There are 2 protein chains.
Amino acid sequence: MSTADKLIDEAGRLIVNAGYNGFSYAHLAERLGIRKASIHHHFPSKVDLVVAVVEQQRAAIREQIAALENDEPDAMAQLLAYVNYWKRCIEDQSEPFCLAGVLAVELPGLPEEVGVAVRGHFNDLGEWLKRVMALGVRQGAIQLELEPDTSAQFFQTTLYGAMVMARAYGDPGKFNFVVDAFLARMRTDRS
Amino acid sequence: MSTADKLIDEAGRLIVNAGYNGFSYAHLAERLGIRKASIHHHFPSKVDLVVAVVEQQRAAIREQIAALENDEPDAMAQLLAYVNYWKRCIEDQSEPFCLAGVLAVELPGLPEEVGVAVRGHFNDLGEWLKRVMALGVRQGAIQLELEPDTSAQFFQTTLYGAMVMARAYGDPGKFNFVVDAFLARMRTDRS
DNA sequence: CTATATCGACCTACCAGAAGGTAGATCGCG
DNA sequence: CGCGATCTACCTTCTGGTAGGTCGATATAG
């Protein structure tokens with residue numbers, strides 16, 4: 001793993017914990033056992049670094065989604081795979097919040113370029129959810145009384161809301177609980 | 001309005017916009033047209049100030065809730081009143097996010113005392129929602145297939161998730177849309 | 001097969017400004 | 001007078017960022 005990758009990785013962790021203004025080059029340098037100036041060699045400014053972090057995450061998720069859409073024909077199974085990914089991340093605290101989610105909350109106070117990347121992630125996720133919801137309705141696995149777009153926004157809302165809940169209550173189980181209740185409802189709802 | 005109150009008020013606005021680490025005494029002083037040192041006279045440290053901000057908000061909401069529980073016997077009407085409060089705040093951008101919500105997202109990077117106050121707010125809100133949901137079930141206005149506690153957590157999740165959505169998409173309408181869909185479901189769900 | 005030029009990664013040593021915070025003077029009011 | 005509110009002036013530490021040097025690997029020329 002290259003130093004640049006390590007920087008992106010560790011910066012991501014720090015941002016998830018404390019937000020954009022909650023970490024510094026000094027923190028990051030200490031964590032990696034290098035000097036501040038070396039970070040500037042790889043990422044001239046903090047904005048460059050944070051944009052790189054968000055974009056890397058975006059690319060990873062887009063890839064994950066593309067693989068799901070190729071390999072898993074069942075809409076509900078796709079959703080479950082995605083949800084299970086987050087369940088694991090939150091349960092073992094390896095990534096206890098969505099990076100873009102943390103940044104989205106402080107969006108008004110962020111440099112413009114970071115904001116663009118963050119909105120990009122939300123759009124990526126939103127678009128996929130629309131597709132998978134429409135597919136689920138066609139497959140009869142998801143409730144019919146709502147538009148797929150509505151279900152998608154609903155689902156995204158629940159995901160991020162559940163992350164807030166897990167963090168606010170200091171209880172990763174809250175995420176599982178809420179998300180499971182949501183999914184159970186979706187399935188039993190076939191009216 | 002006393003200077004201390006103005007400080008709490010303005011600090012709240014700044015925190016809602018950019019989080020705990022996204023505002024400074026210098027910012028705040030500039031906004032109020034006074035000097036930094038004068039802020040320290042009222043709130044010796046930043047932690048003191050932020051705790052005061054959260055606690056004031058907590059008190060205000062508790063008061064609002066108590067009034068609702070006294071004056072409004074109908075559970076669904078209580079929920080609507082609360083939701084409408086947030087709809088207004090978000091639509092006119094006077095308070096585009098819950099203060100405690102912003103802080104909750106950066107909780108791991110916050111001073112302990114602030115964290116305690118933030119968790120306090122979430123508990124306050126959660127407890128009320130449990131009560132009002134149980135009442136709603138008794139009144140037959142809310143779906144019966146879920147425990148009141150589950151519905152309460154569900155509702156809280158949707159509220160905070162919808163705030164994240166509104167901010168991430170830069171569209172206050174997202175909040176209304178998602179929350180209305182949630183409420184509509186709750187009501188039509190009487191199985 | 002050496003000698004040397006080049007280059008990327010990292011370093012030390014700085015800088016200006018902003019951060020949170022303190023000391024102590026001044027001002028106005030009961 | 002006493003006191004609260006505000007001020008000026010200052011301190012220390014941290015911030016993101018820069019300048020310029022060292023080191024080792026690799027490429028190239030003699």
Side-chain angles (χ1 to χ4, degrees), chain A residues 1-56 102-103 106-118, chain B residues 1-56 102-103 106 108-115 117-118:
Chain A
M1 201 178 192
S2 74
T3 300
D5 287 340
K6 280 188 213 159
L7 282 167
I8 288 178
D9 194 61
E10 193 63 35
R13 254 189 292 278
L14 291 175
I15 294 170
V16 165
N17 263 343
Y20 182 86
N21 293 302
F23 90 104
S24 68
Y25 270 35
H27 278 59
L28 196 46
E30 199 193 343
R31 290 282 194 112
L32 265 77
I34 61 176
R35 307 293 135 177
K36 270 195 329 169
S38 309
I39 304 179
H40 284 283
H41 173 70
H42 296 282
F43 302 97
S45 82
K46 194 180 182 181
V47 173
D48 295 325
L49 170 60
V50 175
V51 168
V53 173
V54 179
E55 290 297 353
Q56 190 248 30
V102 173
L103 294 173
E106 37 182 8
L107 246 190
L110 256 37
E112 189 48 37
E113 297 158 80
V114 177
V116 170
V118 168
Chain B
M1 201 178 191
S2 74
T3 300
D5 287 339
K6 280 187 212 159
L7 282 167
I8 289 178
D9 194 60
E10 193 62 35
R13 254 189 291 278
L14 292 174
I15 295 170
V16 165
N17 263 341
Y20 182 86
N21 293 301
F23 90 104
S24 68
Y25 270 36
H27 278 58
L28 196 46
E30 198 193 343
R31 290 281 194 111
L32 265 78
I34 60 176
R35 307 293 135 175
K36 272 196 323 170
S38 309
I39 304 179
H40 285 282
H41 172 71
H42 297 280
F43 302 98
S45 81
K46 194 180 182 181
V47 172
D48 295 326
L49 170 60
V50 175
V51 168
V53 173
V54 179
E55 290 296 354
Q56 189 249 30
V102 173
L103 294 172
E106 37 182 6
L110 257 37
E112 190 48 36
E113 295 159 82
V114 177
V118 169

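In what follows, chains are A, B, ... by sequence order, proteins preceding strands, each numbered from 1. Note that this is a predicted model, so its numbers are computed, not measured.
Between B/Leu49 atom CG and C/dA19 atom C1' there is a gap of 15 Å when expressed in whole angstrom units. Separating the OH atom of B/Tyr20 from the P atom of C/dA19 is a distance of 13 Å, rounded to the nearest angstrom. Rounded to an integer number of Å, the gap from CG of B/Asn21 to P of C/dA18 is 17 Å. B/Glu30 places its CD atom 13 Å from the C1' atom of C/dA18, with the value rounded to the nearest Å. C/dG21 atom P lies 13 Å from atom CG of B/Leu28, rounded to whole Å. The interatomic distance linking A/His40 (NE2) with C/dC14 (P) rounds to 17 Å, in whole Å. Between the C1' atom of D/dC7 and the CD1 atom of B/Ile39 lies a distance of 13 Å, rounded to the nearest Å. What separates CZ of B/Arg35 from C1' of C/dG21 is a distance of 17 Å, to the nearest Å.
Across C/dG20, C/dA9, D/dA9, the shortest atom-to-atom separation from the side chain of B/Ala37 is found for D/dA9. Across C/dG8, D/dG4, D/dC7, the shortest atom-to-atom separation from the side chain of A/His41 is found for C/dG8. In the set D/dT6, D/dG16, C/dC11, the nucleotide with an atom closest to the side chain of B/Ser38 is D/dT6. Side-chain proximity of A/His42 to the nucleotides D/dG17, C/dT12, C/dA9 is greatest for C/dA9. Closest to the side chain of A/Ser45, from the set C/dG20, D/dT8, D/dG17, is D/dG17. Nearest to the side chain of A/Tyr25, among C/dC11, D/dG17, D/dC7, sits D/dG17.
Side-chain atoms of A/Lys46 stay outside donor-acceptor range of the base of D/dG17, with no qualifying N/O pair under 3.5 Å.
Side-chain atoms of B/His41 and B/Ser38 include no donor-acceptor pair closer than 3.5 Å.
As judged by a 4.0 angstrom heavy-atom cut-off over every strand, A/Ala26 is placed among residues touching the sugar-phosphate backbone only. Using a 4.0 Å heavy-atom criterion, one finds that B/Phe43 contacts no nucleic acid atom at all.
Residues A/Leu110 and A/Leu103 approach most closely at CD2-O, 3.4 Å, considering heavy atoms. Of all heavy-atom pairs spanning B/Tyr20 and B/Phe23, the tightest one is O-CD2, 3.4 Å.
Where B/Lys36 and A/Phe23 meet DNA chain D, the nucleotide closest to each residue was compared, and B/Lys36 sits on the side nearer the 5' end.
Counting heavy atoms from C-beta on, the side chains of A/Asn17 and A/Arg13 never come closer than 4.5 Å.
Residue B/Ser24 has no polar side-chain atom (N or O) positioned under 4.0 Å from OP1 or OP2 of C/dA18. Not one side-chain nitrogen or oxygen of B/Thr3 sits closer than 4.0 Å to the OP1 or OP2 atom of D/dA5.
Remark: side-chain polar atoms of B/Asp48 are paired, donor with acceptor, to backbone N or O of B/Ser45 under 3.5 angstrom.
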